Amino acid sequence: MTEAKKLYVKTFGCQMNVYDSERMAEALVTQGYEQVDTADDADMILFNTCHIREKAAEKMYSDLGRLKPLHDAKPALKIAVAGCVAQAEGEEILRRQPMVDLVVGPQTYHRLPAMMQAVGRGERVLDTDFPEEDKFTLLPKDRRPARGPAAFLTVQEGCDKFCSFCVVPYTRGAEVSRPADRLLGEARDLVARGVREITLLGQNVNAYHGAGLDGGEWGLARLVRELARIDGLERIRYTTSHPNDMEDDLIAAHGDCEKLMPYLHLPVQSGSDRILKAMNRKHTAESYIRLIERIRAVRPDLVLSGDFIVGFPGETEADFQATLDLVERVGYGAAYSFKYSARPGTPAAERAGVDPAQADARLQRLQTLITAQQRATQEGMIGRVVKVLFEKPGRKEGQISGKSEYLHAVHCDGPATLLGQIALVEIIATQSNSLTGRLYAQP
Ligand code: 5AD
Ligand code: SF4
């Protein structure tokens with residue numbers, strides 16, 4: 001038997017990329033590759049890249065440059081670039097970086113085995129099509145053991161919203177939903193491989209409208225309810241959502257579907273209606289707040305998270321103040337905030353940006369407020385008994401760590417036999433990004 005070749009995969013960006021990386025690694029098994037954890041003695045290195053902000057894309061180029069010594073030491077090393085930078089800048093990557101053998105976009109990686117054969121013949125390959133065929137139906141079934149009890153499942157890809165700052169509609173393409181039978185099948189397979197929690201992924205996941213089992217079209221709520229019937233699947237989450245796609249049945253599911261976890265990532269981007277309009281968001285600050293009230297009415301303990309962009313072209317101090325006001329009113333358990341980054345090809349990139357120093361200062365102010373809210377939410381957990389799905393050994397000897405239903409990282413002393421299982425934990429302390437607890441014995 002020939003020895004397996006070593007594949008090292010580095011993933012940048014969002015959870016969809018994490019999912020895609022696993023699928024690509026699986027597709028390369030057919031070419032004799034097995035995945036390893038370090039680049040050092042790899043035969044192939046694959047970067048799965050992110051194009052959402054300039055910094056993310058630049059990081060990819062600098063990390064790529066740093067592979068030179070490895071490539072010099074082993075000229076047969078194959079280097080592949082996948083994902084959204086590949087989609088957006090494929091030709092440029094090949095031009096800028098002669099070491100790269102293969103560039104593949106997010107919609108064509110099912111063709112990787114054939115591409116690798118071309119690479120083996122000494123060709124440099126570029127494939128950034130948006131093909132008719134569905135890559136997911138053509139990819140091999142993943143038969144490797146699950147990497148842990150929490151897994152991702154891509155149910156929808158692409159976006160038709162065209163927010164004026166965002167590259168996603170161009171790099172990932174139009175919205176496409178996968179059929180429910182495939183998803184239910186994949187979920188059952190994951191559960192059979194030890195998975196207890198599935199996070200449904202999509203750039204616009206709550207716009208899911210896939211073919212249902214009954215011949216009709218199913219929305220996300222229906223899909224969640226069907227998934228909830230799978231024995232052994234204990235938890236369901238979904239991300240990322242758009243406020244305008246939070247339909248009544250999905251809100252209702254937050255109230256009555258026990259397996260749907262009380263954590264929701266619902267980006268708003270700005271609290272200023274003027275800026276929201278310029279962003280082409282098609283909702284207002286007030287409509288977002290009303291929506292949150294409706295979700296909290298059915299699930300009062302919901303922990304909410306969001307995304308914000310500061311320094312969007314034309315943002316004034318008053319606009320920014322409106323964002324701070326919205327954050328104050330909503331109360332987030334966690335949130336991500338970014339300085340606006342002009343992306344080539346998007347409508348907003350044509351507009352004059354705000355002074356970078358001012359944008360930096362605003363980002364700082366927003367992050368201070370968000371951090372305070374996050375801390376308050378975490379402190380509010382102290383004394384509460386939560387359910388933790390233990391995923392891995394903790395950093396300290398004898399500790400295990402996992403996630404609560406609210407997506408807080410929790411660690412506590414406990415036996416390794418609890419890994420992969422859900423147990424009650426009483427929260428006793430909070431650190432900046434995690435909680436400490438102790439196993440709770442029911443009285
Ligand atoms: N600049 C800064 N942040 C951006 N995001 C998307 N595009 C940009 C951009 N051009 C942020 C949004 C989105 C998150 C994934 O990234 O907040 O919700
Ligand atoms: Fe980008 Fe999300 Fe807007 Fe779609 S909804 S364009 S993915 S920010």
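FYI, side chains are in, hydrogens and waters are out, and symmetry mates aren't considered; it's all heavy atoms of this structure. These figures come from a predicted structure and were not determined experimentally.
Test T154, N206, L220 against L200 for side chain to side chain contact (heavy atoms under 4.5 Å, CB included) and you get one pass: L220. With F308 as the partner, the ring-ring contact (aromatic ring centres under 6.0 Å, His included) test is satisfied by one option alone out of F165, Y340, Y332, Y288: Y332.
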Original post:
Stepwise, does the salt bridge (charged side-chain N to carboxylate O under 4.0 Å, His left out) test hold for R182 with E186?
Top reply: CA-CA 6 Å; R182 307 275 317 179; E186 210 173 303; 5.8 Å; no

**OP:** Test D249 against R225 for salt bridge (charged side-chain N to carboxylate O under 4.0 Å, His left out), laying out the working first.
**Re:** CA-CA 10 Å; D249 54 354; R225 289 185 193 282; over 6 Å; no

**OP:** Decide yes or no on side-chain hydrogen bond (donor to acceptor under 3.5 Å, both in side chains) for Q367 and S337, but give the supporting numbers first.
**Re:** CA-CA 7 Å; Q367 286 182 343; S337 47; 3.1 Å; yes

**OP:** Please test D413 against K396 for salt bridge (charged side-chain N to carboxylate O under 4.0 Å, His left out), starting from the C-alpha separation and ending with a verdict.
**Re:** CA-CA 9 Å; D413 288 338; K396 290 190 200 139; over 6 Å; no

Subject >> side chain to side chain contact (heavy atoms under 4.5 Å, CB included) evaluation trace for R178 with V155 >> reply: CA-CA 5 Å; R178 298 178 64 195; V155 304; 5.5 Å; no

Original post:
Is there a salt bridge (charged side-chain N to carboxylate O under 4.0 Å, His left out) between E234 and R196 once you walk through the steps?
Top reply: CA-CA 5 Å; E234 307 295 343; R196 295 287 164 267; 5.1 Å; no

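Under 4.0 Å is where a charged nitrogen must lie from a carboxylate oxygen, and between R329 and E286 at least one such pair does.
Side-chain atoms of C84 and R172, non-hydrogen and from C-beta on, do get closer than 4.5 Å to each other. By the 4.5 Å heavy-atom criterion applied to side chains, Q269 and D307 are counted as neighbours.
In this model, no donor atom of one side chain and acceptor atom of the other lie less than 3.5 Å apart for R395 and H411. For the 3.5 Å distance criterion, the side chains of Q374 and N433 qualify, holding a donor opposite an acceptor.
Across R235 and E405, no two heavy atoms sit closer than the pair NH2-N, 3.4 Å. In terms of heavy atoms, L77 sits closest to A42 at CD1-O, 3.3 Å. When every heavy atom of P113 is checked against every heavy atom of Q31, the shortest pair comes out as CB-NE2, 3.3 Å. Between Y336 and H265, the shortest heavy-atom distance links the atoms CD1-CE1, 3.7 Å. Minimum interatomic distance between S164 and T346 (heavy atoms only, all atoms of both residues): O-CB, 3.4 Å.
A centroid separation of 6.0 Å or more is found between the aromatic rings of F162 and H242.
A cation-pi arrangement, defined by a distance under 6.0 Å to the six-membered ring centre and an angle within 45 degrees of its axis, is absent between R23 and Y109.
Formation of a donor-acceptor pair under 3.5 Å by the T49 side chain with backbone atoms of V85 is found in this model. Side-chain atoms of S21 do not come within 3.5 Å of backbone N or O of T11 as any donor-acceptor pair.
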